[in-house]
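Scroll down for the structure; my scribbles are underneath it.
Here the structure is a predicted model, which is why all the values come from computation and not from measurement. Just so it is clear: chains get the letters A, B, ... in the order the sequence lines come, proteins before strands, and each one is counted from 1.
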Protein chains: 2
Amino acid sequence: MVTRSGRTRQARPARKERKEPPHLTPELIHATALAMVDADGIDGLSMRKLAAALDVNPMSLYHHVPNKAALLQGISRLAVADLRIASADDDTPWPEQLRQIGHSFRTLAHQHSKLIVYLLAHPGFIQREGPLWGALCHTLRRAGLPDAEVGRIGNVLLTFVSGFVLAEINGSLGDLLDAADAAEIDRDFEAGLDILIAGLGSVQRIRAE
Amino acid sequence: MVTRSGRTRQARPARKERKEPPHLTPELIHATALAMVDADGIDGLSMRKLAAALDVNPMSLYHHVPNKAALLQGISRLAVADLRIASADDDTPWPEQLRQIGHSFRTLAHQHSKLIVYLLAHPGFIQREGPLWGALCHTLRRAGLPDAEVGRIGNVLLTFVSGFVLAEINGSLGDLLDAADAAEIDRDFEAGLDILIAGLGSVQRIRAE
DNA sequence: ACCTGAACACCGTTCAAGT
DNA sequence: ACCTGAACACCGTTCAAGT
């Protein structure tokens, strides 16, 4: 919830009366906008409502953010920064590491569910240079996959996880299965990863022959 | 392209002058709106632009369609009606049949790419009673899967295909892989289906023990 | 340098008035 | 029964004017 009542209201007589300057910065704007999206969804965010939440004239925002598209891009950067890939220790077996990457993504999706739906539907979310794709490719190479197959297989894993969290968040997953509780859906996610990893093993064997 | 110049302009003196009634019906409205979305995307559709394309006052639409949400629902119904599941002949092996279902979905996604992105991001697209989910469950049961697993596994296949077409349409797939041509992406899709089906086979074996 | 009001071109939707 | 203009409450964004 973004509330305008959270402002400091101290007794000492500030130099500028009770209308202290909000110290408007891109960081503050992005953070507030992300909070609004997390709370009310993409449609709940507008330049004018954002300005109201910051207690500022709508037009002031345009001195720190070029336009709404750039604002959304800034929000995305902020959210993706919350992604934590557990990997980096090469002694855990690669199937377990793939599972961890999948869980990292899904956790991020739960943290910013409203935004992730928007991000998955628009280009430029997963980047070739990002930590997620890097970790994925690294793990697959460690699993013995030839370089030519790494991208292809990595994409299969990524698209499955994307599709899953999307269906999970928009509710169609709970609709198709009769899964009412979250634990059931967790198990479905695990089952999907199992199938992919099992399939990956068999394809790996085939290509190696 | 929806153009307003496509109206008949005959020489005979119509009773109502050159402003003939557009015979506004829900069907015509939905079809025109779908064409607009296919051409310009979801954001390219507005009640006012739709009315302009139909050469009608914006407010007239509200006598045939309750609101924009209902309009989008009607468009979706229209698009989903284009889905053609090839199956129904039980002599083809189940892996091939699964592949065909996946291709049916992907073909639909290509036909209405702009709309499908919207549909996947919003609830209610894949229905339990729909032909796609029905065919999927039927095939999986035929593959010898216990009833308890059918939903779970069907969901894995569906979410993979959803995630794939989404990444394909919004361009992030072509970005991550260096795949420039469509044929390469076709092969990636095939590879994904192969992995899932292979994994499905092994899980099937495990559960059977 | 930063803020702001007015204005422009759009939205979806309601409602009373027309035929 | 169907259509329509005016109006309302919203948008994103530009721009000239203020400090």
Side-chain angles (χ1 to χ4, degrees), chain A residues 2 4 7 14-37 39-76 114-115 118 121-122, chain B residues 2 4 7 14-37 39-76 114-115 118 121-122:
Chain A
V2 176
R4 65 201 324 241
R7 308 189 60 72
R15 294 181 57 197
K16 299 201 175 195
E17 242 67 71
R18 58 181 187 77
K19 187 112 181 185
E20 66 219 73
H23 283 317
L24 220 48
T25 66
E27 288 73 27
L28 178 63
I29 293 174
H30 288 147
T32 309
L34 178 55
M36 287 184 76
V37 171
D40 305 324
I42 285 284
D43 293 337
L45 173 68
S46 78
M47 299 298 276
R48 296 171 121 107
K49 279 194 261 186
L50 175 57
L54 287 164
D55 211 355
V56 122
N57 185 286
M59 302 314 127
S60 302
L61 299 175
Y62 285 90
H63 289 275
H64 305 92
V65 164
N67 50 40
K68 194 180 182 181
L71 175 67
L72 285 171
Q73 199 174 315
I75 294 176
S76 306
K114 310 278 176 49
L115 181 61
Y118 168 83
H122 290 77
Chain B
V2 176
R4 65 200 324 238
R7 308 189 60 71
R15 294 180 56 197
K16 300 202 174 194
E17 244 64 73
R18 60 183 186 75
K19 188 112 181 183
E20 68 220 68
H23 283 319
L24 220 47
T25 65
E27 288 73 28
L28 178 61
I29 292 175
H30 288 146
T32 309
L34 179 55
M36 287 184 74
V37 171
D40 305 324
I42 286 282
D43 292 337
L45 173 68
S46 77
M47 298 298 276
R48 295 172 121 107
K49 279 195 260 186
L50 175 58
L54 286 165
D55 211 356
V56 121
N57 184 287
M59 302 314 127
S60 302
L61 299 175
Y62 285 89
H63 289 273
H64 305 92
V65 164
N67 49 39
K68 195 179 182 183
L71 175 66
L72 285 171
Q73 199 174 315
I75 293 177
S76 306
K114 310 278 177 47
L115 181 60
Y118 168 82
H122 291 74

Fill in the blank from the handout: Using Watson-Crick geometry (N1-N3 plus N6-O4 or O6-N4) or G-U wobble (N1-O2, O6-N3), each under 3.5 Å, dA9(C) is paired with none

Practice task
Determine which nucleotide pairs with dG18(D), using a 3.5 Å limit on both distances of a Watson-Crick or G-U wobble pair.
Solution key: dC2(C)

Please report the distance, rounded to the nearest Å, between [atom1] in [X] and [atom2] in [N].
X        : N       : atom1 : atom2 : answer
Leu54(B) : dC2(D)  : CG    : C1'   : 15 Å
Leu50(B) : dC11(C) : CG    : P     : 11 Å
Asp55(A) : dC3(C)  : CG    : P     : 13 Å
His64(A) : dT4(C)  : NE2   : C1'   : 13 Å
Lys49(B) : dA9(C)  : NZ    : P     : 16 Å
Leu45(B) : dC10(C) : CG    : P     : 16 Å
Met36(B) : dC11(C) : CE    : C1'   : 13 Å
Leu61(A) : dC11(D) : CG    : C1'   : 14 Å

Handout entry: Most 5' of Asn57(B) and Lys68(A) on DNA chain D, judged by nearest nucleotide
Key =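 The residue mapped nearer the 5' terminus is Asn57(B).
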
Return the nearest nucleotide to the side chain of [X]; candidates are [options].
X        : options                  : value
Tyr62(B) : dT13(C), dT14(D), dT4(C) : dT13(C)
Ser46(A) : dG12(C), dT4(D), dG12(D) : dG12(D)
Arg48(A) : dC3(D), dC11(D), dA7(D)  : dC11(D)

Drop me the distance from [X]'s [atom1] to [Y]'s [atom2], to the nearest 0.5 angstrom.
X        : Y        : atom1 : atom2 : value
Met59(A) : Arg48(A) : CE    : CZ    : 5.0 Å
Leu50(B) : His30(B) : CG    : NE2   : 9.5 Å
Ile75(A) : Ile42(A) : CD1   : CD1   : 6.5 Å

Exercise for the section: Output yes when at least one side-chain N/O atom of Asn67(A) is less than 4.0 Å from OP1 or OP2 of dG12(D), else no. Expected result: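 For Asn67(A), the contact criterion (side-chain N or O under 4.0 Å from OP1 or OP2 of dG12(D)) is not met.
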
Problem - Phosphate OP1/OP2 of dT4(D): any His63(B) side-chain N/O under 4.0 Å - result: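 Result: no.
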
Exercise for the section: Scan Met59(B) against the nucleic acid and name what it touches under 4.0 Å (heavy atoms): base, sugar-phosphate only, or nothing. Expected result: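 It contacts base atoms.
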
Handout entry: Side-chain donor/acceptor of His64(B) to backbone N/O of Leu24(B), under 3.5 Å
Key =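 The answer is yes, because a donor-acceptor pair under 3.5 Å joins these two groups.
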
Fill in the blank from the handout: Met47(A) and Leu61(A) have their tightest heavy-atom pair at O-CD1, 3.3 Å

